[in-house]
Amino acid sequence: MSSQIAGVLQLLALIAALALAYRPLGDYMARVYSSEKHYTPEKWIYKVIGADPAAEMRWPAHLRGVLAFSAVSVLLLYLMQRVQGSLPGSLGFSSIDPDQAFNTAASFVANTNWQSYYGEQAMGHVVQTGGLAVQNFLSAAVGMAVAVALVRGFARSRTGELGNFWADLVRGTVRILIPVSVIGAIVLVACGAIQNFSGIHQVGQFMGGTQEWNGGAVASQEAIKELGTNGGGYFNANASHPFENPNPLSNLFEIFLILLIPFALTRTFGRLVGSLKQGYAILGAMAVIWIGFTALMMWTEFAHRGPAFEIAGGAMEGKETRFGIAGSSIFAVATTLTSTGAVNSFHSSYTGFGGGITLLGMQLGEIAPGGVGSGLYGMLIMAVIAVFIAGLMVGRTPEYLGKKIGTRQITFAACYLLITPALVLGFTAVALALPTPGHSMTNSGAHGFSEILYAYTSGANNNGSAFAGLNADTQWFNTTIGIAMLLGRFLPMVFVLALAGSLAEQKPVPGTAGTLRTDKPLYAGLLVGTILIITGLTYFPALALGPLAEGLAS
């Protein structure tokens, strides 16, 4: 069997698994977020944090909850790293430097999981499991809570109430993320991933010297890392490390975990707004982009010409032989079209066009299917923009799900769209204009430009993957990427929640013969076109200077 056919079969198996899980998981999440019942462990949590889960919140209160909780999370994780040297289970590692501690705290709370350090050489068991792994759960739950608030904005009318942030946060963690992660960890252990709290030990000789590895609760962190679209690895090699991702079966399972909740949330959306067809339209747009990007990535990595590539069967540099080109390509697209950022291959070693595909996947806004929660609300923002454009073309007041899209709503949506490009392009321009950041570039020319562009694209879009040719462990990059991660995560949430509040206050508009049907394939096609055009107009000049120039020159 050829590698290409094996890759197609992997993709088909993945699609089949996602299709089987789509309906039960989507319906279950809809019941979780619409339930008025609170389990006993949840009641204990509410008592500890002093929250009333039955109290409805308007969007400013919801936003204050998101920001306050996240600010406290950043502070606690920062302090945990700064005192690591005094903590038990530190494996002898010293405390983390201030700039790197800030960068890591911002990264994991913002669901980015960008890592400018070697995990197995810097973080002990307490920080890994009690700090980083905990934030993997909580940051994902925050994203889901914001997405559900926006869905309620479409579903409700004549009220500004969007539910309760604290209840959504707790229920998303306790009822969804923890149970699925437990199952995922068991599967990964069965596949060969490690799960222990062993110390540092020698495993043999390496190039004339002694090689040492430390163990850890890897399988459990790997499960929530992928399920919550987090991406931070226990080891520097991330999902290419055999302790995290031992074989092709575990590789396919991890891709399944990455895509599981983002795709299933479209059915949750359909359930909560009372129209499954609306959820299918959003799902269709996501699926078209994901499958298209995956096919394009596999084609460019398999078909790249040259003697070395032909001998290897394709562009194998930077890829694990146990995964091959197909398994690496599917993983790379899944992780950059979501906000996961986990890697099982070296993205910097992809072909020029292949590296450009990973960049473009993030620049789309990671909405196909996107991060846990963030993918859904990002796609719904694009749906509002698409409806607005359609309304301009036919001369009608745009409507979506019975809500008018007026000046206020389109302003919120436009502000949401402008934040991330401003951060990415602004920080990239400043870094290239200053002399010091350029010293961190391993490569010059188009590829060196792509390294910096990728770093800020990854940070501002809360992805976390890297081209890895860039030495980002400097005060400049730790600080600026940390700022980009926080602003890229929480500023868009301001406009998402403001949009949700404005929609919830509206009176539903009855549909007429002239109303655009947003549950039809025609609208899904319009949505895909809108996404590609907006992204192209925004980022094409930067892409032309980096991956496109490199690809055309090779």
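Computation of the quantities below employed the complete heavy-atom set of this structure, encompassing side-chain atoms and omitting hydrogens, waters and symmetry-equivalent molecules. For this chain, numbers begin at 1 and follow the sequence in order. The model shown is predicted, which means the values in this text are computed figures rather than measured ones.
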Notebook entry, point to check: Would Leu376 and Ile367 satisfy side chain to side chain contact (heavy atoms under 4.5 Å, CB included), going step by step from the backbone distance to the final call?
Noted result: CA-CA 7 Å; Leu376 179 61; Ile367 52 178; over 6 Å; no

Next item on the list: Can you label the angle between the Phe427 ring and the Tyr456 ring as parallel, tilted or perpendicular, going by 30° and 60°?
Entry: parallel

Next item on the list: Quick one: closest heavy-atom pair of Thr535 and Gln363, and the distance?
Entry: CG2-O, 3.6 Å

Next item on the list: Would you name the heavy atoms of Phe165 and Met57 that are closest together and state the gap between them?
Entry: N-SD, 3.6 Å

Notebook entry, point to check: Looking at side-chain heavy atoms only, is the closest gap between Ile261 and Ile176 below 4.5 Å?
Noted result: yes

Next item on the list: Mark yes or no for whether Gln84, through its side chain, and Val127, through its backbone, hold a donor-acceptor pair below 3.5 Å.
Entry: no

Notebook entry, point to check: Any side-chain heavy atom of Leu132 within less than 4.5 Å of one from Asn136?
Noted result: no

Next item on the list: Kindly say whether the aromatic ring centers of His125 and Phe197 come within a distance under 6.0 Å.
Entry: yes

Item checked: Value rounded to 0.5 Å, distance of OG in Ser502 from CZ in Arg408 -> 5.0 Å

Next item on the list: Quick one: do His447 and Ser348 satisfy side-chain hydrogen bond (donor to acceptor under 3.5 Å, both in side chains)? Show the steps, please.
Entry: CA-CA 8 Å; His447 196 84; Ser348 185; 2.8 Å; yes

Item checked: ring pair (Phe, Tyr, Trp, His ring centres under 6.0 Å) assessment of Trp290 paired with Phe263 -> CA-CA 11 Å; Trp290 171 62; Phe263 272 130; 5.7 Å; yes

Next item on the list: Evaluate side-chain hydrogen bond (donor to acceptor under 3.5 Å, both in side chains) for Asn245 paired with Asn238, printing each intermediate quantity in order.
Entry: CA-CA 8 Å; Asn245 191 4; Asn238 206 274; over 6 Å; no

Checklist line | Least distance between heavy atoms, Ala386 atom then Thr530 atom | finding: CB-OG1, 3.8 Å

Notebook entry, point to check: Can His241 and Tyr234 be said to form a side-chain hydrogen bond (donor to acceptor under 3.5 Å, both in side chains), step by step?
Noted result: CA-CA 9 Å; His241 197 292; Tyr234 211 100; over 6 Å; no

Checklist line | Minimum heavy-atom distance between Ala223 and Gly184, given as atom pair plus value | finding: CB-C, 3.9 Å

Item checked: Side-chain donor/acceptor of Ser95 to backbone N/O of Arg82, under 3.5 Å -> yes

Note to self: Once rounded to the nearest 0.5 Å, what's the spacing between atom CD1 of Ile419 and atom CZ of Arg489?
What the structure shows: 13.0 Å

Note to self: If you compare all heavy atoms of Asn463 against all heavy atoms of Thr335, which two are closest, and at what distance to 0.1 Å?
What the structure shows: ND2-O, 2.8 Å

Check: Could you go step by step and tell me if Ile531 and Ile289 meet the side chain to side chain contact (heavy atoms under 4.5 Å, CB included) rule?
Finding: CA-CA 10 Å; Ile531 293 166; Ile289 296 174; 4.0 Å; yes

Check: Salt bridge or not for Lys225 and Glu254, using N-O below 4.0 Å?
Finding: no

Next item on the list: State whether a side-chain donor-acceptor pair under 3.5 Å links Glu320 with Ser328.
Entry: no

Check: Is there a donor-acceptor contact under 3.5 Å from the side chain of Thr358 to the main chain of Gly355?
Finding: yes

Notebook entry, point to check: Below 4.5 Å, heavy atoms only, C-beta onward: do Ile481 and Trp476 meet side chain to side chain?
Noted result: no

Next item on the list: Calculate, to the nearest 0.5 Å, the distance between atoms OG1 and CG belonging to Thr104 and Asp99 respectively.
Entry: 9.0 Å

Notebook entry, point to check: Has the side chain of Ser345 got a donor or acceptor atom that lies under 3.5 Å from a matching backbone atom of Lys319?
Noted result: no

Next item on the list: Could you go through the side chain to side chain contact (heavy atoms under 4.5 Å, CB included) check for Val372 and Met144 one step at a time?
Entry: CA-CA 6 Å; Val372 168; Met144 294 168 72; 3.0 Å; yes

Item checked: Interatomic spacing from CD1 in Ile96 to CG in Asn103 - rounded to 0.5 Å -> 11.5 Å

Check: Which heavy atom in Thr173 sits nearest to a heavy atom in Ala141, and how many Å separate them?
Finding: OG1-CB, 3.2 Å

Notebook entry, point to check: Backbone N or O of Ser465 within a donor-acceptor pair of the Ser458 side chain at under 3.5 Å?
Noted result: yes

Note to self: Less than 3.5 Å apart, any donor N or O on the side chain of Asn478 or Ser116 sitting next to an acceptor on the other?
What the structure shows: yes

Next item on the list: Establish, from distance only, whether the side-chain atoms of Tyr350 and Thr300 form a donor-acceptor pair under 3.5 Å.
Entry: no

Check: What is the distance from atom CZ of Phe293 to atom CE of Met298, rounded to the nearest 0.5 Å?
Finding: 15.5 Å

Check: Would one find more than 12 heavy atoms of other residues, nucleotides or ligands at under 6.0 Å from atom CD of Gln475?
Finding: no

Check: Can you check whether Gly233's main-chain N or O pairs, donor with acceptor, with Gln115's side chain at less than 3.5 Å?
Finding: yes

Check: Does Gln221 reach the side chain of Asn230, with side-chain heavy atoms less than 4.5 Å apart?
Finding: no

Notebook entry, point to check: Any side-chain heavy-atom pair from Phe235 and Val218 closer than 4.5 angstrom?
Noted result: yes

Next item on the list: Tell me, with the steps shown, if Leu359 and His347 meet side chain to side chain contact (heavy atoms under 4.5 Å, CB included).
Entry: CA-CA 10 Å; Leu359 259 171; His347 288 186; over 6 Å; no

Margin query: Walk me through whether Asp473 and Gln100 qualify under side-chain hydrogen bond (donor to acceptor under 3.5 Å, both in side chains).
Written below: CA-CA 7 Å; Asp473 188 15; Gln100 193 173 81; 3.0 Å; yes

Item checked: Side-chain touch Leu162/Arg58, heavy atoms, less than 4.5 angstrom -> no

Check: Are the aromatic rings of Tyr454 and Phe467 close, with centres under 6.0 Å apart?
Finding: yes

Checklist line | CG-CD1 distance between Leu527 and Ile389, expressed to the nearest 0.5 angstrom | finding: 10.0 Å

Next item on the list: Flag the pair Gln81 / Met123 as yes when at least one side-chain heavy-atom distance between them is below 4.5 Å, and no otherwise.
Entry: yes

Checklist line | Heavy-atom side-chain proximity of Ser374 to Asn462 below 4.5 angstrom | finding: no

